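Report on one structure; see the data block that follows.
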Amino acid sequence: MKNIRIKDIAAKAKVSAGTVDRVLHDRGNVSEKVKERILKIIEEMNYEPNLMARALGTKKEYHFVALIGDPRYDAYWLDPKAGIQKAAKEARQYGVKVTLCMFNPYDATSFVKKAEEASKLNPDGILLAPMFYREVLPFFEAWKKQEIPFVLFNTQIAEFDPLSYIGQDSYQSGQVAGKLIHYGQPQGSSILIAHIDEEISNSAHLTKKEQGLRNYFIQNNLDHQYEIIKAELNLRNYAMFVEQLDSIFESNPQLQFCFVTTSKAFEIAKYFEQKFINHIRIVGYDLIPQNLHYLNKGAISFLINQNPLGQGYWGINQLVNHLVFKKEISAIKFLPLDIVTKENLNYYIEDSMLYNRF
């Protein structure tokens with residue numbers, strides 16, 4: 001499309017560029033007749049303002065807060081943090097500052113404390129991973145009253161009308177896992193759904209992953225061929241973790257697949273390695289180093305990449321587009337679910353797709 005300039009509109013309307021600028025910014029001092037003529041010409045010429053130039057020209061500053069898991073507790077959060085920092089660096093020229101508030105992703109009390117800190121900063125916008133459903137709801141209510149827009153990533157909670165959600169479709173990812181298991185074991189088998197270090201009743205995204213996998217077999221009339229066993233495993237007490245797995249596999253010798261709903265597939269792979277179990281295949285999530293180690297060894301068969309770096313990056317960009325550029329943004333931005341195997345992993349690494357999938 002041809003780049004339409006203010007002076008082009010002014011020439012056609014036979015007024016000064018200053019008059020057009022006053023109409024565009026609704027600053028008055030223009031007669032209704034002239035204003036109507038200019039607006040009609042703007043519509044006819046399909047004029048779009050240079051939003052970046054406008055943002056650069058303003059002196060307004062914007063403060064966003066990113067409320068995310070602390071990578072010291074889980075390496076998964078390294079990528080969202082990197083994506084947020086990349087977006088923040090790009091948006092700095094528009095007067096945007098981003099503050100990180102990082103919580104222990106396995107401790108609801110830590111989340112509440114950091115969410116309170118974020119609220120006290122009175123930011124213009126908030127990006128967060130709402131991992132603890134019950135604890136986050138009061139903050140949603142407070143931010144709505146304060147008219148602070150918030151963008152969600154990692155976990156979708158639509159009831160409180162966030163500005164946007166960035167991330168994977170958790171239910172669909174469970175369906176993908178179901179299909180991978182079906183193709184890998186078409187004769188039917190037993191499947192372990194392993195939730196590690198999560199309170200499932202308070203983790204909506206994990207519940208949706210489980211539901212997606214279960215419904216894949218129901219919808220394809222396969223549920224009578226596949227027995228699904230669910231386990232909530234406590235890794236924080238490793239001895240208990242091993243005891244739980246020992247009991248599961250002793251009681252279910254027919255298990256052929258393990259679906260790990262978090263980024264901790266490597267913990268199951270490590271257990272299998274220690275117990276010399278090599279007949280059970282693992283489907284898990286996320287391209288963190290520990291998972292890649294076992295993927296390369298063949299102990300993990302499939303990893304579903306949720307593009308966490310892109311979630312952080314696009315989350316900040318949604319706030320920038322909404323508040324700085326005054327753009328309309330989509331309520332949901334689903335990112336692709338990539339199926340990564342030992343055979344195609346090098347393409348991700350060689351093409352830097354782990355860091356540039358947005």
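Keep in mind that this is a model prediction, so the values were computed, not measured.
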Task: Taking every non-hydrogen atom, the tightest pair across A82 and L309 - done: CB-CD1, 3.9 Å
Open item on the list: Please check if the number of heavy atoms outside K144 that lie under 6.0 Å from its NZ is greater than 12.
Closed with: yes
Open item on the list: Does this structure show an ion pair linking E141 with K145, if we count only N-O contacts that are shorter than 4.0 Å?
Closed with: no
TODO: Provide the closest heavy-atom pair for D197 versus L235 in the form atom of the first, atom of the second, distance.
DONE: OD1-N, 2.6 Å
Open item on the list: I'd like to check L255 versus F249 (side-chain heavy atoms, cut-off strictly below 4.5 Å). Are they in contact?
Closed with: yes
Open item on the list: Are the side chains of F259 and I228 in contact, using a 4.5 Å heavy-atom criterion?
Closed with: no
- [ ] Apply the test side chain to side chain contact (heavy atoms under 4.5 Å, CB included) to residues L335 and W314: give CA-CA distance (whole Å), side-chain angles for both, the deciding distance (0.1 Å), then the verdict.
- [x] CA-CA 10 Å; L335 300 182; W314 282 113; 4.2 Å; yes
Task: Check ion pair K270-E267 (N to O, under 4.0 angstrom) - done: yes
TODO: Verify, without hydrogens or angle tests, whether D124 (side chain) and F64 (backbone) share a donor-acceptor contact under 3.5 angstrom.
DONE: no
Task: Interatomic spacing from CG in N278 to CD in E273 - rounded to 0.5 Å - done: 11.0 Å
- [ ] Check the pair E159, Y133 against side-chain hydrogen bond (donor to acceptor under 3.5 Å, both in side chains), reporting the backbone distance first and the verdict last.
- [x] CA-CA 11 Å; E159 303 94 286; Y133 181 81; 2.8 Å; yes
TODO: Look only at the side chain of N104 and the backbone of T109, and say whether a donor-acceptor pair between them is shorter than 3.5 Å.
DONE: no
Task: Cluster overlap V136 with L121, hydrophobic side-chain contacts below 4.5 Å - done: no
Open item on the list: Taking I229 as the starting point, is it possible to reach I282 by hopping between hydrophobic residues whose side chains are less than 4.5 Å apart?
Closed with: yes
Open item on the list: Taking G212's backbone N and O only, do any of them form a donor-acceptor pair with Q175's side chain (distance below 3.5 Å, no angle check)?
Closed with: yes
Task: Closest heavy-atom pair and its distance - Q85, L100 - done: NE2-CD1, 4.0 Å
TODO: Using a 4.5 Å cut-off on heavy atoms from C-beta on, say whether the side chain of I148 contacts that of N122.
DONE: yes
Task: Closest heavy-atom pair and its distance - I300, F266 - done: CD1-N, 4.1 Å
Open item on the list: Is it the case that the side chain of K326 and the backbone of L323 share a donor-acceptor pair, with hydrogens and angles ignored and the cut-off at 3.5 Å?
Closed with: yes
Open item on the list: With rounding to the nearest 0.5 angstrom, report the CZ to OH distance, F257 to Y226.
Closed with: 8.5 Å
Open item on the list: Ring of Y183, cation from K179 - is the NZ or CZ under 6.0 Å from the centre and inside 45° of the axis?
Closed with: no
Open item on the list: Is any side-chain heavy atom of L222 closer than 4.5 Å to one of Y216?
Closed with: yes
Open item on the list: Keeping S170 on the side-chain end and K209 on the backbone end, is there a donor-acceptor pair under 3.5 Å?
Closed with: no
Open item on the list: I want to check something: taking the side chain as every heavy atom from C-beta on, are I38 and V15 in contact at a cut-off of under 4.5 Å?
Closed with: yes
TODO: To the nearest 0.5 angstrom, please state how far the CG atom of D79 sits from the CD atom of Q306.
DONE: 11.5 Å
Open item on the list: For P71 versus M102, what's the shortest heavy-atom pair and its separation?
Closed with: CD-SD, 3.8 Å
Task: Atom of K208, atom of Q156 and distance for their closest heavy-atom approach - done: NZ-O, 3.3 Å
- [ ] May I ask you to decide if N296's main-chain N or O and K342's side chain share a donor-acceptor pair within less than 3.5 Å?
- [x] yes
Task: Heavy-atom donor-acceptor pair, D70 side chain to R72 backbone, under 3.5 Å - done: yes
- [ ] Could you state whether M240 and L233 fall into the same hydrophobic cluster, counting links through intermediate Ile, Leu, Val, Met, Phe, Trp or Tyr residues with side-chain heavy atoms under 4.5 angstrom apart?
- [x] no
TODO: Would you please classify the geometry between the F132 ring and the F111 ring as parallel, tilted or perpendicular, with 30° and 60° separating the classes?
DONE: tilted
TODO: Please assess K86 against K89 for the test side chain to side chain contact (heavy atoms under 4.5 Å, CB included), listing each intermediate value before the final yes or no.
DONE: CA-CA 5 Å; K86 178 178 173 64; K89 184 177 179 181; 5.9 Å; no
- [ ] Start with the C-alpha distance between E117 and V65, add both sets of side-chain angles, then the distance that settles side chain to side chain contact (heavy atoms under 4.5 Å, CB included), and finish with yes or no.
- [x] CA-CA 10 Å; E117 289 180 14; V65 171; over 6 Å; no
Open item on the list: Using side-chain heavy atoms (C-beta onward) and a distance below 4.5 Å, is F153 in contact with I68?
Closed with: yes
TODO: Look at the rings of F160 and F140 and say which category their plane angle falls in: under 30° parallel, 30 to 60° tilted, over 60° perpendicular.
DONE: tilted
TODO: Step by step, work out the side chain to side chain contact (heavy atoms under 4.5 Å, CB included) result for F302 and T341.
DONE: CA-CA 5 Å; F302 303 103; T341 67; 3.5 Å; yes
- [ ] Would you check if the side chain of Q318 reaches a backbone N or O of L163 as a donor-acceptor pair within less than 3.5 Å?
- [x] no
Open item on the list: Quick check: is I218 connected to V176 through a chain of hydrophobic side chains (ILVMFWY, heavy atoms under 4.5 Å apart)?
Closed with: no
- [ ] Would you check if the distance from the ring center of F325 to the ring center of Y94 is below 6.0 Å?
- [x] yes
- [ ] First locate atom OH of Y285, then atom CG of L206, and finally report the distance between them rounded to the nearest 0.5 Å.
- [x] 8.5 Å
Open item on the list: Check whether N291 reaches the backbone of L287 with its side chain - one donor and one acceptor, N or O, closer than 3.5 Å.
Closed with: no
- [ ] Rounded to the nearest 0.5 Å, what's the gap from NZ on K35 to CD on E32? Could you check?
- [x] 5.5 Å
TODO: Flag the pair N252 / S190 as yes when at least one side-chain heavy-atom distance between them is below 4.5 Å, and no otherwise.
DONE: no
Open item on the list: Quick check for you: to the nearest 0.5 Å, what is the distance between K275 atom NZ and L245 atom CG?
Closed with: 9.0 Å
Open item on the list: Using only atom types and a distance under 3.5 Å, with no angle test, would you say the side chain of Q168 pairs donor to acceptor with the backbone of N154?
Closed with: yes
Task: Minimum side-chain heavy-atom gap R236-F241 below 4.5 Å - done: no
Open item on the list: Assigning hydrophobic clusters by single linkage (Ile, Leu, Val, Met, Phe, Trp, Tyr; side-chain heavy-atom cutoff under 4.5 Å), is Y294 placed with I277?
Closed with: yes
